[in-house]
Amino acid sequence: MHDLIIEAGRTERQYWRDLWRYRELFLFLAWRDLLVRYRQTVIGVAWSLLRPLLTMLILTMVFGKLGKMPSGGVPYALLVFCGILPWQFFASAIAESGNSLVTNSQLISKVYFPRLLIPAGSLVTALADFLISLGLLAVLMFWYRWIPPIQIVTLPLFVLLASAASFGAGAWIAALMVAYRDFRFIVPFVVQFGLYVSPVGFLSGVVPAEYRLFFSLNPIVGVIDGFRWCVLGGEHLIYWPGLIASVLVTASILVTGIRYFRRTERTFADII
Amino acid sequence: MSDAINVENLGKKYVISHQRAKGEGLRHVIEDAVRAPLRLARFRRRQTRKISEEFWALRGVSFSIEHGEAVGIVGRNGAGKSTLLKLLSRITEPTTGQIRYRGRVASLLEVGTGFHAELTGRENISLNAAILGMTRANVARKFDEIVAFSEVEKFLDTPVKRYSSGMYVRLAFGVAAHLEPDILLVDEVLAVGDAAFQQKCLGKMGSVVQEGRTVLFVSHNMAAISSLCTRALLFESGRLRSSGAPDSVIKEYLATGRDRARVAVSARTDRQGSGRIRFTNVLILNDCGETTETVRSGADISIAFEYSICGADRLDNAVVQIKFFGALGQPLFACLSRAARLESLTLVAGFRLVCNIPRLPLVPGAYTFTIWCTIGENLEDYVSEAGQLFVTDGDYFGTGKLPPNQVGDFLVAHSWTADP
């Protein structure tokens, strides 16, 4: 027999157990988002290749050819692509998980499950796109005859870091969006703006040394630098104080994001 | 047997903020933060305003339900039925009290929750089942049964956005009907689809009850409650008013509200007219002559007007009209004494005027009515929305079946013959 007690102000206790109990629903939500993502599009999943490819061409033109930024001895296109991959993952993850609660408002007002599953499901779609474009990176490396260094085996760690940052920020935005639809306008702006304050089209090395640590407070800086270190190696050394700063910022975003989400979650159905 | 559901002192408070109703935006939060230093000075005023904005949708509700009981929940709109279901299904958190379950709970507050228009019927079955809490193994086992029940075999691989609304509802209910929880919470889901499908749903509900599952069922369909349920709870203004055998609770429910109507007309000050006659009361009488506000479709009803005459014993050449409006305020029909009678009316002090409506042709819903009286060219009394009338499902055609729902406002007496 399943016993369940719901008490005013004490629904907390069940939560983590419920997350596990509803794991199948999580898979279904992620699966639904994946299925729906490219329905009724002509080129379908090719969009997840086309987007980073076009962005790469433009950024390579602007920063590499016109701006003549230093590339540290690697093809500029490869350098840019290593920045685009984690950036686009982060950008689409926060945009989609941010919107996810509002787009699923019907579900929220009609059935119970731990709401954290919804932004988590959106993260999975962004991750799937990311993995597909990772294949494109492999093709690009082959094209430039680029042999990655040994540290590429640590790449999953940086994917994890990117996921943690995306999930933390996504939880914050999703929960805030329920009460303040203003974030619908803030998020696209942040994403647009973020492309230029993150080292996507250029190397972090071009940032003056005295600002480097401050620059690294952006959690994506650590992720992009890590990516370049893994894939390009050589001169692309990790700036350790920066990476540590990124990890700490990510951890605090994740913890506070989940906390804030949990705290506001109980009122979602009332105000959404 | 032990209790399947035990509810103790359950309450849900909403804070309705009129000032903020349109602006839960970020601007207000920033504004408040900026004004924070000033707040101390205005502390007292804010406090009092907050208190007046509290609203208890449900308060001090306690009851318990045993395993295998089928319990119907009745009450007017706003009585707290939906809030109760929301609390029971954990969609929102109670402000006070406790709910204790023994057994797996599934709630069905709407058919097709989480259906995605872009997905096919097959995909939606899996998704919807997962949302309602069915395991994957269970879905696989029940899949064929669900498809057979909902009669959509041919369209399984078509996106549901191309479905007709009937197909959509059938598929959605098909999934829901094959949940096998110990405790099932259901909200008005039978109010969808055509009559045949409603009958099928009722049948399915009946068999769920027969299997010994615990069912909690919110409905305005009194016929369904009295045939399916073993007990009923009546809610009024957020409180549990009574609990007992379905038929007696339904009777009580249908009788409530008669006091309100009595107070209303004589206390109205926003009336028009010269006032030689004043309506003091308007009563709706059912076919047994009892005063009520709630009648069934197809019932013979009467409307009795009580009035006082100023400065005379009788008034000749009076014309009285009662006009009915639907839930959206649309005029539906009027009973006009001048049109329905050959001779003019004479109102005598101490008498009452009665308008008989045989076989009420209104579909279930809430209606309001406006009354007026003229003598000659002169408007004597006019009371807009003088009272309300609630119509519930009834056997209009005398066939033992309910008339079709949600097709227009009226029922029309008719017959069918199959001619060679």
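In what follows, chains carry the letters A, B, and so on, assigned in the order in which the sequence lines appear, proteins first and then strands, with residues in each chain numbered from 1.
The distance from atom OG1 of B:Thr120 to atom CG of A:Leu35, rounded to the nearest 0.5 Å, is 8.0 Å. For the atom pair NE2 (B:His116) and CG (A:Leu29), the distance works out to 10.5 Å, reported to the nearest 0.5 Å. Note: A:Ile271 CD1 to B:Tyr14 OH = 11.5 Å, rounded to the nearest 0.5 Å. Annotation: the span from A:Glu265 atom CD to B:Glu93 atom CD amounts to 9.5 Å, rounded to 0.5 Å.
Heavy atoms from other residues, nucleotides or ligands lying under 6.0 Å from CZ of A:Arg259 number 12 at most. Annotation: B:Arg100, atom CZ; neighbour count of heavy atoms from other residues, nucleotides and ligands within 6.0 Å does not exceed 12. Crowding of A:Gln192 atom CD: a count of heavy atoms from other residues, nucleotides or ligands under 6.0 Å not exceeding 12.
Of all residues spanning residues 112-127 of chain A, those with a heavy atom less than 4.5 Å away from chain B's heavy atoms are A:Tyr112, A:Arg115, arranged by number. By a heavy-atom distance cut of under 4.5 Å, A:Gln106 are the residues of residues 86-106 of chain A near chain B, going up by number.
Residues A:Leu107 and B:Ile131 approach most closely at CD1-CD1, 3.7 Å, considering heavy atoms. Of all non-hydrogen atoms in B:Thr92 and A:Ala269, the two that sit nearest each other are CB-CB, 4.5 Å. Of all non-hydrogen atoms in A:Ser109 and B:Ile91, the two that sit nearest each other are O-CD1, 3.7 Å. Taking all atoms of both residues into account, the shortest heavy-atom contact from A:Ile6 to B:Leu87 is CD1-O, 4.1 Å.
Between B:Lys86 and A:Asp270 there is no salt bridge, since none of the side-chain N atoms of the basic residue sits less than 4.0 Å from a carboxylate O of the acidic one. A salt bridge links B:Arg90 with A:Asp18: the distance from a Lys NZ or Arg NE/NH1/NH2 to an Asp or Glu carboxylate oxygen falls below 4.0 Å.
Between chain A and the residues B:Gly97, B:Ala129, B:Pro159, the most heavy-atom pairs under 4.5 angstrom are made by B:Gly97. Contact count against chain B (heavy-atom pairs under 4.5 Å) is highest for A:Phe28 among A:Trp31, A:Phe268, A:Phe28.
For B:Leu85, no part lies near chain A; criterion is any non-hydrogen pair under 4.5 Å. Heavy-atom distances place no part of A:Leu176 under 4.5 Å from chain B, backbone and side chain included. Neither the backbone nor the side chain of B:Leu10 has a heavy atom closer than 4.5 Å to any heavy atom of chain A.
A donor-acceptor pair under 3.5 Å links the side-chain atoms of A:Glu24 to the main chain of B:Arg136, judged by distance alone.
You'll find the side chain of A:Ile5 reaches within 4.5 Å of the side chain of B:Gln98, heavy atoms only. Inter-residue side-chain proximity for B:Leu109 and A:Val111 is flagged as unmet; no heavy-atom pair is nearer than 4.5 Å.
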